[in-house]
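Counting starts at 1 for both ligands and their atoms, following the listed order. Index from 1, following the sequence.
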Amino acid sequence: MDGNGRWAQTRGLPRTEGHRAGEHSLFEVVETCDDLGVEWLTVFAFSTENWKRPKDEVSFLINFNEEILIRRRDELHEKNVRVRFVGRRDWRVPKRLIRRMDETLELTQDNTGLTFTIAFNYGGRAEIVDAVRKIVADGTPADKITEKTIARRLYDPEMPDPDLVIRTSGENRISNFLLWELAYSELLFTDTPWPEFGRQSFIDAIHEFQSRDRRFGGVASTG
Ligand code: FPP
């Protein structure tokens, strides 16, 4: 969900207003997933690197995430959305926010619609490191380690590898998002800043995805 800050700055607004506009775009995308039958949506809400931002913005983002969970969880629950979280629950994440996450998780855990995963204090490398720590703690012998051994110890082993990864706002990088999971994902980079993304751009992105030829290392199917 990149470009919130710049979107606001070009309008002479504080960066935080860009994050507020980003919430609108995010919930349009959630609703569109629901309409189209998309089963899994994962968003990068706060990275392990975002702690480096100015203190004021970090505390805004933490409070904002908490506030969204409080304001929106009943609506998500009514829409049959199952909310999950991936990321490190370390000392930097306030206990308050962890409580809100757990409450939201519990409230929506039996829902059968869209699985909406929020990556908070998430880093792809940290996720792999944490998986390796679990493997070592489990005492798994080195010659028994396969790709499945790692995949099963990621933050949410049930989360399928993403079909499509969208990055907004003209940045052509992965920036530590789902490093293990996106090995064969289609990548789509767009100049549109996140606050302007919303329903139509998401539908356009899905059309673009449908035109891609996915071979997973094999050869093109001849139909
Ligand atoms: C990147 O824009 C966006 C973020 C760091 C946070 C976006 C968060 C939300 C919209 C809230 C999500 C919350 C929940 C609970 C799902 P940026 O500030 O990096 O923009 P810039 O690249 O223009 O600086």
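- Residue-to-ligand polar distances keep Glu23 apart from ligand 1: every N/O pair is separated by 3.5 Å or more.
- For the ligand labelled ligand 1, residue Arg53 lies inside the 4.0 Å heavy-atom shell.
- Checked against a 3.5 angstrom limit, the closest N/O atoms of Phe64 and ligand 1 fall outside it.
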Test Asp102 against Arg100 for salt bridge (Lys or Arg N to Asp or Glu O under 4.0 Å), laying out the working first. CA-CA 5 Å; Asp102 286 340; Arg100 300 297 161 246; over 6 Å; no
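- Look at Gly3 and you'll find a heavy atom under 4.0 Å from some atom of ligand 1.
- In terms of protein heavy-atom proximity, atom 7 (C) of ligand 1 is closest to Asn4 ND2, 3.4 Å.
- In terms of protein heavy-atom proximity, atom 16 (C) of ligand 1 is nearest to Leu26 CD2, 3.5 Å.
- Closest protein heavy atom to atom 6 (C) of ligand 1: Ala45 O, 3.5 Å.
- The ligand atoms of ligand 1 that sit less than 4.0 angstrom from a heavy atom of Arg6 are 21 (P), 22 (O), 23 (O).
- Heavy atoms of Ile118 found under 4.0 angstrom from ligand 1 belong exclusively to the side chain.
- Shown in contact with Asn65 at under 4.0 Å from a heavy atom are these atoms of ligand 1, numbered in order with element: 12 (C), 13 (C), 14 (C), 15 (C).
- Side chains of Tyr184 and Asp161: a donor-acceptor N/O pair is absent below 3.5 angstrom, by distance only.
- Contact annotation: Arg15 has at least one heavy atom less than 4.0 Å from an atom of ligand 1.
- Relative to the six-membered ring of Trp180, Arg125 misses at least one condition, a distance below 6.0 Å or an angle of at most 45° to the axis.
- Checking Lys79, Arg72, Arg199 one by one against Glu31, the salt bridge (charged side-chain N to carboxylate O under 4.0 Å, His left out) holds for a single residue, Lys79.
- Side-chain N/O atoms of Glu23 and His19 include no donor and acceptor closer than 3.5 Å.
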Test Arg88 against Asp90 for salt bridge (Lys or Arg N to Asp or Glu O under 4.0 Å), laying out the working first. CA-CA 6 Å; Arg88 254 190 195 162; Asp90 61 22; 5.1 Å; no
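- Nearest protein heavy-atom neighbour of atom 4 (C) of ligand 1: His19 CE1, 3.8 Å.
- The distance between the ring centers of Phe177 and Phe44 falls below 6.0 angstrom.
- At the top of the distance list for atom 8 (C) of ligand 1, counting protein heavy atoms only, stands Met1 CE, 3.9 Å.
- Stacking of Arg84 on the aromatic ring of Phe116 is not recorded, the 6.0 Å distance cut-off and the 45° axial limit not both being met.
- The local environment of CD in Gln109 is crowded, with over 12 non-hydrogen atoms from other residues, nucleotides or ligands closer than 6.0 Å.
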